[in-house]
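Data first, discussion second: the structure below is written as structure tokens.
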Amino acid sequence: MAAYKSDFMRIVHERGMVHQCSDAARLDALLSSGVRAAYIGFDCTADSLHVGHLLQIMLLRWWQKTGHKPIALMGGGTTKVGDPSGRDDTRQLLTPQQIDANMASIKRSFANYLAFGGGPTDAIMANNADWLDTLLYIPLLRDVGRHFSVNRMLTMDSVKLRLERDQPLSFLEFNYMILQSYDFVELKKRHDCILQMGGSDQWGNIVMGADLGRRMENAELFALTSPLLATASGAKMGKSASGAVWLNPKRLSPYDFWQYWRNAEDDDVGRFLRLFTELPLGEIARLEALQGQEINEAKKILATEITRLAHGAAAASEAEQTARRTFEEGGKADTLPSVTVPRTQLVEGVPAFELFHQAGLAPSRTEARKLIKGGGGRLNDKPIASDAAVIKDSDLDADGTLKLSAGRKRHVLVRAA
């Protein structure tokens with residue numbers, strides 16, 4: 001590994017956060033000689049970011065912690081087009097109102113990672129609708145479009161892979177890389193931004209943006225990408241048994257977020273600690289060397305540290321204590337995820353598979369039946385004998401709750417009201 005002078009380049013390389021970087025030596029020199037700005041773009045296709053975005057957020061966090069200015073670019077404009085990268089179909093087009101609502105929700109996730117304000121190294125939340133919405137078509141073609149080669153655009157993975165699979169690619173989507181490239185030019189002009197970062201699947205688009213800045217503004221711009229992540233067993237990061245691992249606590253509770261990381265594979269613990277926490281590398285080396293049951297202590301630290309960054313120290317501590325009471329002491333912690341059902345439903349009796357589905361422990365009633373038939377469904381910590389079992393109000397505790405479990409790691413309290 002090269003000996004980097006700047007703290008940012010040294011830290012992100014030591015932690016395995018870099019896949020590619022254009023002219024790393026020159027970028028390192030610039031970072032050693034003053035405060036610089038860098039950005040990462042986030043489209044507003046949902047009301048929350050998820051674990052798949054977490055490495056990008058950590059890159060921005062380290063950028064700020066090492067004395068530089070991070071820019072979180074919201075894709076208020078590009079979301080109206082849709083990024084074709086990694087897709088076989090066209091994204092559903094959202095209304096401006098939906099995009100604005102998603103953007104407002106996403107902004108809240110950044111508050112725990114970045115310090116925003118007006119200082120030299122304070123983070124900026126920008127919106128590319130501010131410049132993309134005002135572009136005129138003919139001037140865009142003349143001033144920007146003339147710098148793009150269709151031949152080169154067709155070689156980009158976001159385009160090439162779609163065409164190779166005979167999947168339609170709309171002209172709207174084909175323009176996405178032009179607009180993304182133009183974002184880099186605007187951020188250079190507005191905030192003297194010199195670096196765009198992103199996932200490795202964005203390398204081609206980022207390099208095209210740097211090239212556009214050189215052609216239009218004679219600007220020296222850089223590209224840096226992070227590796228695309230999978231678990232040690234090859235599964236895609238950010239998926240759990242119940243769906244996406246969202247950063248918004250309204251979409252996924254801090255307890256379930258904590259549990260996702262607690263259930264990490266043994267071989268992933270060290271890598272995840274380096275990528276998603278700020279623990280010193282020496283401490284991480286000690287934790288990942290633990291064997292047998294001791295590795296579970298490292299997983300608890302992993303889960304708590306990541307949850308602390310995403311949701312705050314109080315939520316992380318509560319999630320850890322809930323897990324301890326639930327798993328180690330056999331208790332029914334009040335802070336477990338919960339759902340409320342009408343008491344009349346339980347008085348009449350509700351099929352167990354139906355309640356498991358309502359509680360979010362199974363994506364469908366069919367899957368809930370399979371779970372119970374396979375012995376994975378539990379009521380108040382006791383196995384449910386049959387998928388035909390009925391849950392009644394007599395199963396409620398004195399406090400009006402009962403506990404449903406899918407396997408030994410996913411639990412929900414059902415409250416009668």
Side-chain angles (χ1 to χ4, degrees), residues 37-50 53 56-57 60 70-87 89-110 114 116 123-148 153 156 158-159 162 169-199 201-202 204-213 215-217 219 221 223:
Y39 88 97
I40 298 177
F42 301 88
D43 274 347
C44 308
T45 51
D47 63 0
S48 173
L49 301 179
H50 52 72
H53 298 105
Q56 311 309 316
I57 297 173
L60 288 178
I71 302 172
L73 178 65
M74 296 289 98
T78 42
T79 303
K80 297 171 184 174
V81 175
D83 184 358
S85 298
R87 297 183 63 86
D89 56 356
T90 301
R91 290 186 187 273
Q92 177 186 356
L93 294 181
L94 303 179
T95 66
Q97 292 77 18
Q98 289 173 313
I99 292 172
D100 288 344
N102 287 346
M103 192 184 314
S105 180
I106 288 171
K107 284 181 179 180
R108 290 190 283 271
S109 293
F110 283 98
L114 302 175
F116 291 87
I124 294 173
M125 183 79 70
N127 179 1
N128 62 15
D130 291 348
W131 52 85
L132 295 182
D133 281 2
T134 60
L135 290 175
L136 297 175
Y137 190 58
I138 297 301
L140 175 67
L141 290 178
R142 284 175 54 89
D143 299 338
V144 180
R146 64 189 179 91
H147 296 295
F148 286 81
M153 293 170 73
M156 296 294 155
S158 59
V159 173
R162 183 84 72 85
L169 177 76
S170 71
F171 180 68
L172 179 69
E173 294 173 290
F174 189 58
N175 281 272
Y176 187 92
M177 68 180 76
I178 295 178
L179 299 181
Q180 181 177 336
S181 297
Y182 186 68
D183 285 343
F184 206 169
V185 176
E186 280 290 333
L187 289 172
K188 170 61 179 176
K189 291 192 292 187
R190 292 169 182 243
H191 302 292
D192 196 21
C193 179
I194 67 165
L195 173 66
Q196 182 185 172
M197 300 184 284
D201 60 333
Q202 293 294 316
N205 290 341
I206 296 174
V207 169
M208 289 182 78
D211 185 58
L212 181 65
R215 292 171 181 271
M216 292 185 68
E217 301 292 327
L221 303 179

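Side chains are part of it too, since the values below use all heavy atoms of this structure and drop only hydrogens, waters and symmetry mates. Nothing here was measured: the structure is a model prediction, and the numbers come from that model.
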| query | Quick one: are Leu114 and Met125 in side-chain contact, heavy atoms under 4.5 Å? | reply | no

| said: For the backbone of Gly77 and the side chain of Asn128, can you confirm whether one donor and one acceptor N or O come within less than 3.5 Å of each other? | reply: yes

| Shortest non-hydrogen contact between Phe174 and Leu169, atoms and distance | CD1-CD2, 3.9 Å

| request: For Asp47 and Ser105, indicate whether the former's side chain and the latter's backbone hold a donor-acceptor pair under 3.5 Å. | output: no

| note | Rounded to the nearest 0.5 angstrom, the CE-CD distance for Met197 and Gln202 is 13.5 Å

| said: What verdict does the side chain to side chain contact (heavy atoms under 4.5 Å, CB included) test give for Asp183 and Leu132, after you've listed the backbone C-alpha separation in whole Å, the side-chain angles of each residue and the deciding distance to 0.1 Å? | reply: CA-CA 8 Å; Asp183 285 343; Leu132 295 182; 3.8 Å; yes

| query | Is it true that a side-chain atom of Gln56 and a backbone atom of His53 form a donor plus acceptor pair closer than 3.5 Å? | reply | no

| field | Name of the residue among Ile178, Asp211, Leu212 meeting side-chain contact (heavy atoms from CB on, under 4.5 Å) with His147 | value | Leu212

| task | Just do the side chain to side chain contact (heavy atoms under 4.5 Å, CB included) check on Phe42 and Ile57 with the steps written out, would you? | result | CA-CA 10 Å; Phe42 301 88; Ile57 297 173; 4.3 Å; yes

| request: Grab the two heavy atoms, one from Phe184 and one from Cys193, that are nearest each other, plus how far apart they are. | output: CE2-O, 3.9 Å

| field | Non-hydrogen atoms of Ala223 and Ile206 that approach each other most closely | value | CB-CG2, 3.2 Å

| Would Gln180 and Gln196 satisfy side chain to side chain donor-acceptor pair (under 3.5 Å), going step by step from the backbone distance to the final call? | CA-CA 10 Å; Gln180 181 177 336; Gln196 182 185 172; 3.2 Å; yes

| field | Value rounded to 0.5 Å, distance of CE in Met74 from CG in Asp130 | value | 12.5 Å

| Heavy-atom donor-acceptor pair, Thr134 side chain to Trp131 backbone, under 3.5 Å | yes

| Heavy-atom side-chain proximity of Ile124 to Tyr39 below 4.5 angstrom | no

| field | Separation between CG of Asn102 and OG1 of Thr79, rounded to the nearest 0.5 Å | value | 8.0 Å

| Which atoms form the tightest heavy-atom contact between Lys189 and Tyr182, and what is the distance? | NZ-OH, 4.4 Å

| said: I'd like to know if the side chain of Asp43 and the backbone of Thr45 have a donor-acceptor N/O pair within less than 3.5 Å. | reply: no

| field | Criterion side chain to side chain contact (heavy atoms under 4.5 Å, CB included) on Leu141 and Arg146, from CA distance to verdict | value | CA-CA 6 Å; Leu141 290 178; Arg146 64 189 179 91; over 6 Å; no

| field | Spatial distance of atom CG (Asn175) from atom CZ (Phe148) [nearest 0.5 Å] | value | 10.0 Å

| Got a second to check how far Tyr176's OH is from Asn205's CG, nearest 0.5 Å? | 8.0 Å

| query | How far apart are the closest heavy atoms of Ala37 and Asp192, and which atoms are they? | reply | CB-O, 4.1 Å

| message | How long is the straight-line distance from CE of Met156 back to CE of Met177, given to the nearest 0.5 Å? | response | 6.5 Å

| remark: Taking every heavy atom of Leu187 against every heavy atom of Ala126, the minimum-distance pair comes out as CD2-CB, 4.4 Å

